[in-house]
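Heavy atoms only: backbone and side chains are in, while hydrogens, waters and symmetry mates are out.
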Amino acid sequence: MADKKEKLKELRDVFAKKRLTFDKDGFPRDTEGIYSTLYKGLEKAKVLDSEYLKNFGKIVDKLGERLSGTDYMNELSFNECCTLMTFFLRGERMSPGHFFSRVKDGTILKLLDRAVETA
């Protein structure tokens, strides 16, 4: 677990320096490779959740409507943080803006912080 924690700390530091930009119509443009940075970093740390849909359902059962905010972060386990990050990454394929809205509101960075804290 120590190796995962170190890799996630490194990822968190790199990710925190990335800035999301927007085009003239307000749509996010990933000019700094935010998506790929997180995906590759989670892959390198071996924490992408291959059963994220099933596990996301358990998180929804646990947190309910509070999942729409960020006040639940201190209740998340390491595995739940990894599930949510995977869910937000994968969701971008089906719903453009799904991941980037979570970058913009700080959720992804908070999940990385919590994952490092609980690893």
Side-chain angles (χ1 to χ4, degrees):
M1 189 68 93
D3 186 45
K4 286 181 183 181
K5 185 172 188 165
E6 288 306 311
K7 287 179 180 171
L8 286 171
K9 275 185 186 178
E10 181 181 310
L11 173 59
R12 192 253 178 247
D13 292 344
V14 169
F15 190 83
K17 294 175 186 170
K18 301 279 183 183
R19 295 291 170 252
L20 189 58
T21 57
F22 299 88
D23 67 14
K24 63 180 175 63
D25 297 318
F27 294 103
R29 295 293 171 234
D30 192 9
T31 57
E32 293 193 25
I34 293 171
Y35 183 93
S36 62
T37 296
L38 186 64
Y39 187 87
K40 289 175 184 176
L42 294 176
E43 191 173 54
K44 181 179 176 182
K46 298 182 188 306
V47 296
L48 284 170
D49 184 357
S50 62
E51 297 185 15
Y52 70 96
L53 286 177
K54 178 180 82 170
N55 294 329
F56 179 74
K58 293 176 186 176
I59 295 170
V60 170
D61 290 344
K62 174 182 171 179
L63 298 174
E65 291 181 18
R66 291 184 309 136
L67 194 54
S68 64
T70 58
D71 65 334
Y72 59 87
M73 291 287 174
N74 289 334
E75 298 176 44
L76 295 176
S77 69
F78 174 78
N79 288 336
E80 289 169 333
C81 290
C82 296
T83 294
L84 287 175
M85 287 187 284
T86 304
F87 177 79
F88 294 137
L89 281 167
R90 301 283 189 194
E92 185 65 23
R93 290 182 169 191
M94 299 298 172
S95 179
H98 179 75
F99 170 72
F100 293 107
S101 67
R102 297 302 181 144
V103 171
K104 185 178 177 183
D105 73 8
T107 299
I108 300 297
L109 197 52
K110 289 175 185 174
L111 284 169
L112 279 167
D113 287 338
R114 180 67 180 164
V116 168
E117 180 183 321
T118 56

A.B. asks: Given the rule in the side-chain contact (heavy atoms from CB on, under 4.5 Å) test, do L38 and L112 qualify, once you have shown the distances and angles that lead to the verdict?
C.D. replies: CA-CA 10 Å; L38 186 64; L112 279 167; 4.1 Å; yes
A.B. asks: What pair of heavy atoms forms the shortest contact from R29 to L20, and how long is it?
C.D. replies: O-CD1, 4.1 Å
A.B. asks: Quick one: list whatever passes salt bridge (charged side-chain N to carboxylate O under 4.0 Å, His left out) with K40, sequence neighbours left out.
C.D. replies: none
A.B. asks: What pair of heavy atoms forms the shortest contact from T118 to S77, and how long is it?
C.D. replies: OG1-C, 4.0 Å
A.B. asks: Under the side chain to side chain contact (heavy atoms under 4.5 Å, CB included) rule, collect the residues that match up with N74, sequence neighbours excluded.
C.D. replies: R114
A.B. asks: Excluding sequence neighbours, so at least two apart, what forms salt bridge (charged side-chain N to carboxylate O under 4.0 Å, His left out) with R90?
C.D. replies: none
A.B. asks: Flag the pair T107 / L111 as yes when at least one side-chain heavy-atom distance between them is below 4.5 Å, and no otherwise.
C.D. replies: yes
A.B. asks: Quick one: list whatever passes side chain to side chain contact (heavy atoms under 4.5 Å, CB included) with E43, sequence neighbours left out.
C.D. replies: Y39, L48
A.B. asks: Can you name the nearest heavy-atom pair linking M85 to A115, along with the distance?
C.D. replies: CE-CB, 4.2 Å
A.B. asks: Within the side chain of R19, is there an N or O that forms a donor-acceptor pair under 3.5 Å with the backbone of A16?
C.D. replies: yes
A.B. asks: What pair of heavy atoms forms the shortest contact from T86 to D49, and how long is it?
C.D. replies: OG1-N, 3.0 Å
A.B. asks: What residues, two or more places apart in sequence or in another chain, satisfy side chain to side chain contact (heavy atoms under 4.5 Å, CB included) together with K18?
C.D. replies: V14, E32, I34, T37
A.B. asks: Looking at residues at least two apart in the chain, or sitting in another chain, which of them share a salt bridge (charged side-chain N to carboxylate O under 4.0 Å, His left out) with D3?
C.D. replies: K7
A.B. asks: Does the distance from a Lys or Arg side-chain N to an Asp or Glu carboxylate O, for E75 and R66, drop under 4.0 Å?
C.D. replies: yes
A.B. asks: For the residue pair V60 and L67, establish whether any side-chain heavy-atom pair is separated by less than 4.5 Å.
C.D. replies: yes
A.B. asks: Name all residues meeting the side chain to side chain donor-acceptor pair (under 3.5 Å) criterion together with D30; count only those two or more places apart in sequence or in a different chain, and write none if there are none.
C.D. replies: none
A.B. asks: Any chance you could measure T83, atom OG1, to I59, atom CD1, to the nearest 0.5 Å?
C.D. replies: 4.5 Å
A.B. asks: State which residues pass salt bridge (charged side-chain N to carboxylate O under 4.0 Å, His left out) with D71; sequence neighbours excluded, sorted by chain then number.
C.D. replies: none
A.B. asks: Within this structure, what is the CG-NZ distance for the pair D13 and K17, rounded to the nearest 0.5 Å?
C.D. replies: 6.5 Å
A.B. asks: Excluding sequence neighbours, so at least two apart, what forms side chain to side chain contact (heavy atoms under 4.5 Å, CB included) with K54?
C.D. replies: E51, K58
A.B. asks: Quick one: list whatever passes side chain to side chain donor-acceptor pair (under 3.5 Å) with S50, sequence neighbours left out.
C.D. replies: none
A.B. asks: Under the ring-ring contact (aromatic ring centres under 6.0 Å, His included) rule, what pairs show up with a residue in residues 4-28, not counting sequence neighbours?
C.D. replies: none
A.B. asks: Pairs in or reaching into residues 78-107: which pass ring-ring contact (aromatic ring centres under 6.0 Å, His included), with residues at least two apart or in two chains?
C.D. replies: Y35-F99, F56-F87, F87-H98, F88-H98
A.B. asks: Closest approach of D105 and R102, non-hydrogen atoms and distance?
C.D. replies: OD1-O, 2.9 Å
